[in-house]
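Input: a single structure, listed below in structure tokens.
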2 protein chains.
Amino acid sequence: MSRLLVTVDIVLFTIRERVLHVLLIRRLARPFENRYALPGGFVLEDESLEAAAARELREEAGVEKVYLEQLYSFGDPKRDPRGRVVTVAYYALVSETQPLRAGSDASVAAWFPVAQLPTLAFDHRKIVECAHQRIRNKLDYTNVGFELLPEMFTLGDLQLVHEAIVGQALDKRNFRRKITQKAIVKPLKEWRKTGRKPAQLFRFSDEVGHIH
Amino acid sequence: MSRLLVTVDIVLFTIRERVLHVLLIRRLARPFENRYALPGGFVLEDESLEAAAARELREEAGVEKVYLEQLYSFGDPKRDPRGRVVTVAYYALVSETQPLRAGSDASVAAWFPVAQLPTLAFDHRKIVECAHQRIRNKLDYTNVGFELLPEMFTLGDLQLVHEAIVGQALDKRNFRRKITQKAIVKPLKEWRKTGRKPAQLFRFSDEVGHIH
DNA sequence: GACATAAGTGTCTTATCGACACCATAATAG
DNA sequence: CTATTATGGTGTCGATAAGACACTTATGTC
């Protein structure tokens, strides 16, 4: 009946320049000094795991109100050289347009393409890979794709999100067919006029509700 | 940076009499004295989470060598009236023929149909429902169905397992087509002679490997 | 030998998924 | 102003998967 250190670590995804990125934080303390690691920290005595994850996201990444979901718990006794630490990993999704609050120490937090990560501290690489796999799997049967977009988006935007997550190009017509016939998206009467030909805007059809 | 109590709880499934059952243990101590609860216990300082789950299964249920997979972690600060306890839940699957070792205190451990559970201690009902949903979802695209069967089984057996998990009858011909064309099952040259017409025996085709 | 029980087998229809090519519209470059 | 370029938007065909559906066969029991 021993007490253990319990942390949460969060894999925060976003899409920048059509590429899936993860937020990493440069460690200033030992162990793994100067290595990049996931945002995270200890769970306090009276907060839920999810609340801890949300708080760490706020404190370390300056991010508020994100889609947040539990990923997996990692408890190998040797995963932290300092001693026994169990971590409950979460993943989170933010749209590119929702900027990180500058409150976080910008010099240490940075976005990395998920396909080109630096060497990470602890077992964080494994955690990132686990999270990436999870959102790839959930792309088809849940709403995770929408969480990486602003409220209004074009079908082109949505396709780019899917392509960034699965890491390969998709057929435009097949993609649009699948999305529209699932009726999880609601066409608006507005068109985006930027760029080339105006594109119709859509929003997530909240009548369906969020599926996890 | 507070230390927290960390437990593992295990939802152990089996199929008895064509119905999905869960193993529960009657609590002898407070809180929830005399209520049924999931087998589980504290994680020791130097064992992994999975090792803790396997150990508790051995100690409390007398079960060895089962399919064991992490389910979810529950960390509501109020989930245990004694104080803060984070639990990492696992689910496990055993075949009906693999008997529980009598070593466990048989008077307190008992199987309950998952559809007719007694009132459970803590948040264990939620954990069982979460596990049930998980294996239902995984039935189609993983091997969980086989883990509830002995090494050799008939397609009729396998169909009964699927029916017990999804809770409804399946069409025999469609089921057999799906199973056989996925080639995840290997026909043997043996027939089971019990019952009525002899039925061909199969085994899980381990060439495919286990898919989680 | 009649009956009860589970094993085993095929077709048709429908839905889904992937492959595939062209025109339209607006901004920008020359 | 017109040529270029980038993105938006659209339909068909074939393959595959999935669901609905009924009868015959082998064995044990009464």
Side-chain angles (χ1 to χ4, degrees), chain A residues 15 17-19 96-97 136-142 145 149-150 152-203 208 211, chain B residues 15 17-19 96-97 136-142 145 149-150 152-203 208 211:
Chain A
I15 293 187
E17 311 282 336
R18 306 185 171 192
V19 173
E96 188 169 9
T97 58
R136 232 180 298 155
N137 291 338
K138 287 206 147 190
L139 197 52
D140 277 332
Y141 65 96
T142 68
L149 287 170
M152 290 189 244
F153 51 85
T154 69
L155 293 183
D157 296 338
L158 185 59
Q159 182 171 351
L160 288 175
V161 166
H162 280 240
E163 289 175 338
I165 293 178
V166 303
Q168 65 174 8
L170 302 173
D171 180 85
K172 201 203 301 188
R173 281 170 291 187
N174 293 340
F175 179 78
R176 294 165 100 95
R177 176 180 21 150
K178 195 165 70 175
I179 295 297
T180 52
Q181 87 181 8
K182 271 201 279 194
I184 47 180
V185 103
K186 194 165 62 181
L188 304 177
K189 297 205 183 68
E190 301 175 60
W191 268 257
R192 174 187 294 170
K193 298 231 175 67
T194 72
R196 313 301 172 176
K197 178 175 176 177
Q200 188 167 19
L201 286 166
F202 291 77
R203 80 166 22 138
V208 187
I211 308 160
Chain B
I15 292 186
E17 311 283 336
R18 307 186 171 191
V19 173
E96 187 169 8
T97 59
R136 231 180 298 154
N137 290 339
K138 287 204 148 191
L139 197 52
D140 276 332
Y141 65 97
T142 68
L149 288 170
M152 290 189 246
F153 51 85
T154 69
L155 294 183
D157 296 338
L158 185 58
Q159 183 172 349
L160 288 175
V161 166
H162 280 240
E163 288 176 338
I165 292 177
V166 302
Q168 66 174 5
L170 301 173
D171 180 86
K172 201 203 299 187
R173 281 169 294 186
N174 293 339
F175 179 79
R176 293 164 101 94
R177 179 180 21 151
K178 195 166 72 176
I179 295 297
T180 53
Q181 87 181 10
K182 272 201 279 195
I184 48 180
V185 101
K186 195 164 62 180
L188 304 177
K189 295 206 183 68
E190 301 175 59
W191 269 256
R192 174 187 296 172
K193 296 232 177 64
T194 71
R196 312 301 172 176
K197 180 175 175 178
Q200 187 166 20
L201 286 165
F202 291 77
R203 78 165 25 138
V208 188
I211 307 160

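To find a chain, count down the sequence lines: A is the first, B the second, and so on, and within it residues start at 1.
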Whole angstroms only, please: what is the [atom1]-[atom2] distance between [X] and [N]?
X	N	atom1	atom2	result
A:Gln200	D:dG8	CD	C1'	11 Å
B:Phe175	C:dG8	CZ	P	13 Å
B:Arg192	C:dG8	CZ	P	10 Å
B:Gln181	D:dT16	CD	C1'	9 Å
B:Gln159	C:dT5	CD	P	18 Å
B:Asp157	C:dA7	CG	C1'	12 Å
A:Lys178	D:dT10	NZ	P	18 Å
B:Tyr141	D:dA17	OH	C1'	19 Å

Does any non-hydrogen side-chain atom of [Y] lie less than 4.5 Å from one of [X]?
X	Y	value
A:Arg203	A:Val185	no
A:Arg18	A:Glu163	no
A:Phe175	A:His162	yes

Discussion item. Can you tell me whether the side chain of A:Lys197 and the base of D:dG9 have a donor-acceptor pair closer than 3.5 Å?
Written reply: no

Worksheet item: On DNA chain D, nearest-nucleotide positions of B:Pro198 versus A:Pro198: which is more 5'?
Response: A:Pro198

Just to confirm, is there a sub-4.0 Å distance from OP1 or OP2 of [N] to any side-chain nitrogen or oxygen of [X]?
X	N	answer
B:Arg176	C:dT9	no
B:Arg173	C:dG10	no
A:Arg177	C:dA15	no

Worksheet entry | Atom pair CG/CZ of A:Asn174 and A:Arg176 - distance to nearest 0.5 Å | 12.0 Å

Worksheet item: Out of curiosity, A:Leu155 CG to A:Ile179 CD1, how far, rounded to the nearest 0.5 Å?
Response: 7.5 Å

Response to the item:
Of C:dA6, D:dG9, D:dT7, the nucleotide closest to the side chain of A:Lys172 is D:dG9

Worksheet item: Where the side chain of B:Ala199 is defined as all heavy atoms beyond and including C-beta, which of C:dT25, C:dA7, C:dC20 is the nearest nucleotide?
Response: C:dA7

Response to the item:
When A:Asn174 and A:Arg196 are each assigned the nearest nucleotide of DNA chain C, the 5'-most assignment goes to A:Asn174

Discussion item. Base, sugar-phosphate or nothing for B:Lys193? Non-hydrogen atoms, less than 4.0 Å.
Written reply: nothing

